[in-house]
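Positions are given from 1, in the same order as the sequence printed here.
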Amino acid sequence: MLEYKKVSVVTILEDQADFLETLIKSFAYQNYANMEWFIVDNSTKEDLLEPFKAYAQKDPRVHLLKNSTPLKKLEIYKKLLVFLQGDYIAFLEPPCLWVKDKISRQVGFSLRYNTDLSHTSYAFADRQNNLIAL
């Protein structure tokens, strides 16, 4: 049986309530078999995890975390290293919109060229979650 390298996807939310649907779509567009998604609410305002709760109930790969006190991003990444199970880490940040199969292509590139780090293009979404032409 083919063993897929695991990809840990990390999203840190900091008061970007407009792009939550775009993030869910981006993760859902991926066909890669072995992924996990950690979403951290680092907001000082409302509960930004609310739109993700229904999705997390349907998808056990999704993990929701709330900081009681906002932290700097580097501090969050350090704390997350304890939880992440992936061989690779991917960052999904608002307002990015991942295209279909982005993770499959990125992992394929890394395996083919024996790299530990790669960057791929992505798109941006507007506040109505529509793709912005660049």
Side-chain angles (χ1 to χ4, degrees):
M1 181 169 121
L2 183 60
E3 175 106 11
Y4 288 92
K5 298 236 180 216
K6 189 165 203 161
V7 176
S8 296
V9 178
V10 175
T11 299
I12 298 174
L13 304 173
E14 296 181 316
D15 303 325
Q16 305 103 329
D18 296 333
F19 298 102
L20 305 183
E21 185 181 328
T22 301
L23 296 171
I24 293 170
K25 285 180 182 179
S26 292
F27 188 78
Y29 285 166
Q30 305 312 305
N31 70 348
Y32 192 73
N34 197 9
M35 292 184 1
E36 63 183 358
W37 189 15
F38 285 85
I39 306 163
V40 180
D41 184 349
N42 198 44
S43 163
T44 57
K45 296 180 182 177
E46 60 195 286
D47 180 9
L48 294 179
L49 294 177
E50 194 58 41
F52 296 96
K53 290 177 182 175
Y55 189 77
Q57 288 178 342
K58 294 185 283 187
D59 190 337
R61 303 173 301 165
V62 178
H63 310 280
L64 307 176
L65 305 166
K66 170 72 176 166
N67 287 336
S68 55
T69 305
L71 301 171
K72 293 182 179 178
K73 280 193 175 185
L74 184 57
E75 293 173 28
I76 296 169
Y77 293 136
K78 285 180 187 177
K79 288 185 173 208
L80 280 176
L81 287 176
V82 175
F83 300 104
L84 302 180
Q85 304 277 320
D87 299 292
Y88 298 110
I89 300 173
F91 301 99
L92 175 57
E93 302 285 344
C96 296
L97 175 65
W98 282 359
V99 296
K100 187 175 181 187
D101 306 334
K102 173 199 182 298
I103 293 296
S104 293
R105 292 185 225 168
Q106 195 165 6
V107 170
F109 176 89
S110 292
L111 293 173
R112 182 175 180 187
Y113 295 102
N114 196 28
T115 65
D116 292 327
L117 179 65
S118 69
H119 176 274
T120 57
S121 295
Y122 47 86
F124 289 100
D126 64 16
R127 297 195 184 282
Q128 288 75 41
N129 299 299
N130 299 311
L131 186 65
I132 296 174
L134 299 178

Colleague: Supply the members, apart from Phe109, of the Ile/Leu/Val/Met/Phe/Trp/Tyr cluster built from side-chain contacts under 4.5 Å; use none for a lone residue.
Modeller: Tyr113
Colleague: Is there side-chain contact between Ile103 and Trp98, with at least one heavy-atom pair below 4.5 Å?
Modeller: yes
Colleague: For a quick test of reading the model, state the closest non-hydrogen atom pair linking Ser26 to Cys96 and the distance between them.
Modeller: OG-O, 3.8 Å
Colleague: So, for Asp101 and Gln30, which heavy atoms are closest and what is the spacing to 0.1 Å?
Modeller: C-OE1, 3.4 Å
Colleague: Tell me whether Phe19 shares a hydrophobic cluster with Val10, the cluster being built from Ile, Leu, Val, Met, Phe, Trp, Tyr side chains joined at under 4.5 Å.
Modeller: no
Colleague: Specify the closest pair of heavy atoms between Trp37 and Thr11, including all atoms of both residues, with the distance to one decimal.
Modeller: NE1-OG1, 2.8 Å
Colleague: State, with a plain yes or no, whether a side-chain heavy atom of Leu64 is found less than 4.5 Å away from one of Tyr55.
Modeller: no
Colleague: Who pairs with Glu75 by side-chain hydrogen bond (donor to acceptor under 3.5 Å, both in side chains), at least two apart in sequence or on another chain?
Modeller: none
Colleague: Out of curiosity, does Ile24 fall in the hydrophobic cluster containing Met35 (side-chain heavy atoms, cut-off under 4.5 Å, transitive links)?
Modeller: yes
Colleague: Quick check: closest heavy atoms across Lys100 and Tyr29, and the distance to 0.1 Å?
Modeller: CG-O, 3.5 Å
Colleague: Minimum heavy-atom separation for Gln85 and Ser8, please, with both atom names.
Modeller: N-OG, 3.5 Å
Colleague: Could you please spell out the steps behind the side chain to side chain contact (heavy atoms under 4.5 Å, CB included) verdict for Phe27 and Arg61?
Modeller: CA-CA 11 Å; Phe27 188 78; Arg61 303 173 301 165; 3.3 Å; yes
Colleague: I need the Glu93 CD to Thr22 OG1 distance, nearest 0.5 Å.
Modeller: 13.5 Å
Colleague: Calculate, to the nearest 0.5 Å, the distance between atoms CG and NZ belonging to Asn34 and Lys6 respectively.
Modeller: 5.0 Å
Colleague: Which atom pair, heavy atoms only, marks the closest approach of Tyr32 to Lys5?
Modeller: OH-O, 2.5 Å
Colleague: Just how far is it from atom NZ of Lys78 to atom NZ of Lys72, taken to the nearest 0.5 Å?
Modeller: 10.5 Å
Colleague: Angle class for the Phe83/Phe38 ring planes (parallel below 30°, perpendicular above 60°, tilted otherwise)?
Modeller: tilted
Colleague: With the 4.5 Å side-chain cut-off for hydrophobic clustering, are Phe91 and Leu49 part of the same group?
Modeller: no
Colleague: Pick from Ile89, Leu92, Ile39, Leu84: which one makes a side-chain contact (heavy atoms from CB on, under 4.5 Å) with Val9?
Modeller: Leu92
Colleague: Are the side chains of Leu23 and Pro94 in touch, meaning some heavy atoms are under 4.5 Å apart?
Modeller: yes
Colleague: Step through the shown structure and confirm whether more than 12 heavy atoms of other residues, nucleotides or ligands are within 6.0 Å of NZ on Lys79.
Modeller: no
Colleague: Consider side-chain contact (heavy atoms from CB on, under 4.5 Å). Of Leu65, Leu13, Leu71, which one does Asn42 pass it with?
Modeller: Leu71
Colleague: Is there side-chain contact between Phe52 and Asp41, with heavy atoms separated by less than 4.5 Å?
Modeller: no
Colleague: Grouping I, L, V, M, F, W and Y whenever their side-chain heavy atoms are under 4.5 Å apart, do Leu81 and Val7 come out in a common cluster?
Modeller: no
